[in-house]
Amino acid sequence: MPIAVDIDVMLAKRKMSVGELADRVGITPANLAVLKNGRAKAVRFSTLAALCEVLECQPGDLLRWEAEAAAGG
């Protein structure tokens with residue numbers, strides 16, 4: 001998937017655990033793990049906004065686009 005999730009980076013910068021973030025955002029640790037590990041197919045804007053509020057960051061600090069490798073020619 002060309003969208004990379006950098007929640008781990010922000011967690012480390014804020015010295016916060018996954019469990020604490022999940023509690024403060026209001027989602028389950030399992031759902032946060034799905035998002036954090038890049039397995040989510042979508043994220044609600046309300047969840048993204050809550051993550052940004054708790055982590056005191058911008059959406060671009062959590063999500064970034066990576067070009068996919070071109071198929072062999």
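Heavy atoms only: backbone and side chains are in, while hydrogens, waters and symmetry mates are out. Residue numbers count from 1 along this sequence. Nothing here was measured: the structure is a model prediction, and the numbers come from that model.
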Trainee: Taking atom CG of N31 and atom OG1 of T47, what is their separation to the nearest 0.5 Å?
Mentor: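 So the CG of N31 and the OG1 of T47 are separated by 8.5 Å.
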Trainee: Does a side-chain heavy-atom distance below 4.5 Å link L62 with M10?
Mentor: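 A side-chain contact under 4.5 Å exists here.
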Trainee: When rounded to the nearest 0.5 angstrom, what is the spacing between SG in C57 and CZ in R14?
Mentor: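 Going from SG on C57 over to CZ on R14, the span is 6.5 Å.
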Trainee: So, for P59 and C52, which heavy atoms are closest and what is the spacing to 0.1 Å?
Mentor: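 Between these two residues, the closest heavy atoms are N-SG, 3.4 Å.
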Trainee: Side-chain contact test, heavy atoms from C-beta onward, threshold under 4.5 Å: evaluate it for L63 versus L48 and give yes or no.
Mentor: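 SC-SC contact between L63 and L48 confirmed.
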Trainee: Find the distance between CG (L35) and NZ (K41) and round it off to the nearest 0.5 Å.
Mentor: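 The distance works out to 13.0 Å.
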Trainee: With a 4.5 Å limit on heavy-atom distance, are the side chains of V54 and M16 in contact?
Mentor: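 Sidechains of M16 and V54: in contact.
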Trainee: Output every pair passing side-chain hydrogen bond (donor to acceptor under 3.5 Å, both in side chains) with a member in residues 51-62, not counting sequence neighbours, ordered by first then second residue.
Mentor: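 Checked against side-chain hydrogen bond (donor to acceptor under 3.5 Å, both in side chains) - neighbours excluded - no pair reaches residues 51-62.
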Trainee: Can you see which heavy atom on A22 is nearest to which on L32, and at what distance?
Mentor: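 Heavy atoms only, the tightest pair is N-CD2, 3.8 Å.
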Trainee: Is there a continuous path of hydrophobic side-chain contacts, each under 4.5 Å between heavy atoms, that joins V9 to W65?
Mentor: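 Per the 4.5 Å side-chain linkage, V9 and W65 are not co-clustered.
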Trainee: Can you check whether L11 reaches I7 side chain to side chain, under 4.5 Å on heavy atoms?
Mentor: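 Yes. Closest side-chain heavy atoms under 4.5 Å.
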Trainee: If you count every heavy atom of other residues, nucleotides or ligands that lies below 6.0 Å from R39 atom CZ, does the total exceed 12?
Mentor: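 Yes - once you tally the heavy atoms of other residues, nucleotides and ligands closer than 6.0 Å, there are more than 12.
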Trainee: Could you pull out the closest heavy-atom pair between K36 and V18, with the gap in Å?
Mentor: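 Heavy atoms only, the tightest pair is CE-CG2, 3.7 Å.
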Trainee: Any side-chain heavy atom of V5 within less than 4.5 Å of one from V43?
Mentor: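 No, too far: nothing below the 4.5 Å cut-off.
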Trainee: Pair R64, D6 - check side chain to side chain contact (heavy atoms under 4.5 Å, CB included), show working.
Mentor: CA-CA 8 Å; R64 65 187 155 78; D6 290 328; 2.6 Å; yes
